[in-house]
Amino acid sequence: MNFCSDNAYGAAPEMLEALAAANDGAAASYGEDALTQRLQAEMSRIFDREVAAFPVITGTAANALALATTVPPHGAVICQRGSHIVSDECGAPEFFTHGAKLVTVEGRDGKLVPEAIDDALSQFIKGCVHHPQPAAVSVAQASELGLCYAPREIHAIASLAKRHEMKLHMDGARLANAIAHLGCTPAEATWRAGVDVLSFGATKNGALGAEAVVFFDPEQVRDFEFRRKKSGHLLSKMRFVSAQLVCALEENRWLAWAARANAFAGRLARGLAEIGSIEIVHPVQASMIFAFMPDAMVARLRAQGASFYEWAPSDGRRTLVRLVTSFMTPESDIERLIAIARS
Ligand SMILES: Cc1ncc(COP(=O)(O)O)c(C=O)c1O
């Protein structure tokens with residue numbers, strides 16, 4: 001019963017078939033191949049406009065390279081406290097931007113809000129050489145707490161960012177889960193709401209290891225390709241990464257997989273919420289559940305083979321845990337976890 005992360009499970013069978021097909025014969029290297037071209041077409045199709053998409057193999061690389069292309073070394077990136085770019089990327093965004101400052105603000109319900117961004121901006125005087133210059137806002141969709149920004153919320157943040165001549169970056173490691181929850185189009189969730197550059201995630205949702213940086217305005221690509229090469233993410237056998245992304249996008253599989261993961265999280269959350277001693281902390285919208293559980297229940301679940309993260313230390317009585325579902329989570333594991341918790 002593995003509920004640690006959506007990257008704990010493997011790849012969709014369709015992915016493995018797509019890779020086997022991509023393995024047939026020789027192809028041009030370094031992204032000059034037909035599959036990488038097809039990826040451009042697929043990305044432009046799902047986003048309903050011509051986009052420039054660049055495969056990489058980790059979300060950290062996607063975020064760091066997207067920000068590095070968008071933000072100068074003396075720039076500042078406003079983001080949520082506890083966001084992946086701040087807490088889980090070992091300083092890669094700072095490293096690849098050559099020292100831009102990540103300015104963290106408190107969100108509401110795990111999401112950034114314009115008032116908090118405005119507040120952070122008031123610390124910095126534009127043009128003052130002593131101050132980092134705000135250059136981008138970064139939001140995670142879905143957020144690290146599994147909440148989804150409605151397009152109008154993104155639009156409000158983007159409008160504020162534009163007023164301050166800042167770009168809007170979206171960490172879309174779980175974009176598919178957010179879109180599946182929101183029921184909007186990929187365009188509405190991103191560029192139509194004002195997103196400039198997107199880290200598109202597929203690894204948590206069907207792929208073995210495939211992400212992409214997507215620029216909605218080709219002019220913003222600037223020196224991205226040199227940065228990707230210098231970071232070691234220009235793969236010579238790019239076709240295998242592109243094959244995974246194409247497989248996810250074709251027939252809109254990425255949204256079907258994400259909807260399945262979300263439905264599993266919904267089922268698990270409903271089952272746990274019926275148990276009086278469990279408190280579900282945030283609305284469950286994507287594939288993540290945060291819940292306070294009695295310590296004895298945590299111990300029993302572990303003893304019976306369940307794994308998940310403890311999100312905060314126990315207060316001596318109960319512990320905040322995080323449970324994440326994947327499109328591949330066995331439904332029987334969900335029912336078993338609920339039954340053990342109930343017992
Ligand atoms: C919000 C968010 N962004 C990005 C990533 C991608 O990180 P990685 O570099 O491990 O692929 C993750 C993975 O946990 C994530 O949760």
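As the structure lists them, so they are numbered: ligands from 1, and atoms in each ligand from 1.
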Looking at [Y] and [X], is there a salt bridge between them, counting it only when a charged N and a carboxylate O are closer than 4.0 Å?
| X | Y | answer |
| --- | --- | --- |
| E250 | R38 | yes |
| R192 | D48 | yes |
| D196 | K162 | yes |
| R302 | E310 | yes |

Minimum-distance protein heavy atom relative to [atom]:
| atom | result |
| --- | --- |
| atom 14 (O) of ligand 1 | K204 NZ, 2.6 Å |
| atom 9 (O) of ligand 1 | T60 OG1, 2.5 Å |
| atom 15 (C) of ligand 1 | H84 CD2, 3.2 Å |

Task: Proximal atoms of ligand 1 relative to E144 (non-hydrogen, under 4.0 Å) - done: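 Result: 1 (C).
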Task: Numbered atoms of ligand 1 (with element) below 4.0 Å of T58, judged on heavy atoms - done: 9 (O), 11 (O)
Open item on the list: Does either side chain, that of H84 or that of E89, offer a donor lying less than 3.5 Å from an acceptor on the other one?
Closed with: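 Yes, because at least one side-chain N or O of H84 sits under 3.5 Å from a partner of the opposite role on E89.
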Open item on the list: Do S143 and Q80 pair up side chain to side chain, a donor and an acceptor below 3.5 Å, judged on atom types alone?
Closed with: no
Is [X] close to ligand 1, meaning an N/O of one under 3.5 Å from an N/O of the other?
| X | value |
| --- | --- |
| R174 | yes |
| D171 | yes |
| E89 | no |

Task: Close approach of E211 to ligand 1, heavy atoms, under 4.0 angstrom - done: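 It does not; every heavy atom stays at 4.0 Å or beyond.
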TODO: Check whether any heavy atom of T203 sits under 4.0 Å from an atom of ligand 1.
DONE: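 It does not, in that no heavy atom of T203 comes within the 4.0 Å cut-off of ligand 1.
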Side-chain atoms of residues 168-180: list all donor-acceptor pairs with protein atoms under 3.5 Å, sequence neighbours left out, distances to 0.1 Å.
{"from": "H169", "atom 1": "ND1", "to": "S138", "atom 2": "OG", "distance (Å)": "2.8"}
{"from": "H169", "atom 1": "NE2", "to": "N63", "atom 2": "OD1", "distance (Å)": "3.4"}
{"from": "H169", "atom 1": "NE2", "to": "S199", "atom 2": "OG", "distance (Å)": "2.9"}
{"from": "D171", "atom 1": "OD1", "to": "A173", "atom 2": "N", "distance (Å)": "3.1"}
{"from": "D171", "atom 1": "OD2", "to": "N63", "atom 2": "ND2", "distance (Å)": "3.0"}
{"from": "R174", "atom 1": "NE", "to": "D6", "atom 2": "OD2", "distance (Å)": "2.7"}
{"from": "R174", "atom 1": "NH2", "to": "D6", "atom 2": "OD1", "distance (Å)": "3.1"}
{"from": "N177", "atom 1": "ND2", "to": "N262", "atom 2": "OD1", "distance (Å)": "3.1"}

Open item on the list: I want to confirm something. Looking only at heavy atoms, which of G59, A140, S87 is nearest to atom 11 (O) of ligand 1?
Closed with: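 Of the listed residues, G59 has the closest heavy atom.
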Open item on the list: Does any part of the side chain of K111, heavy atoms only, come nearer than 4.5 Å to the side chain of E153, both counted from C-beta?
Closed with: yes
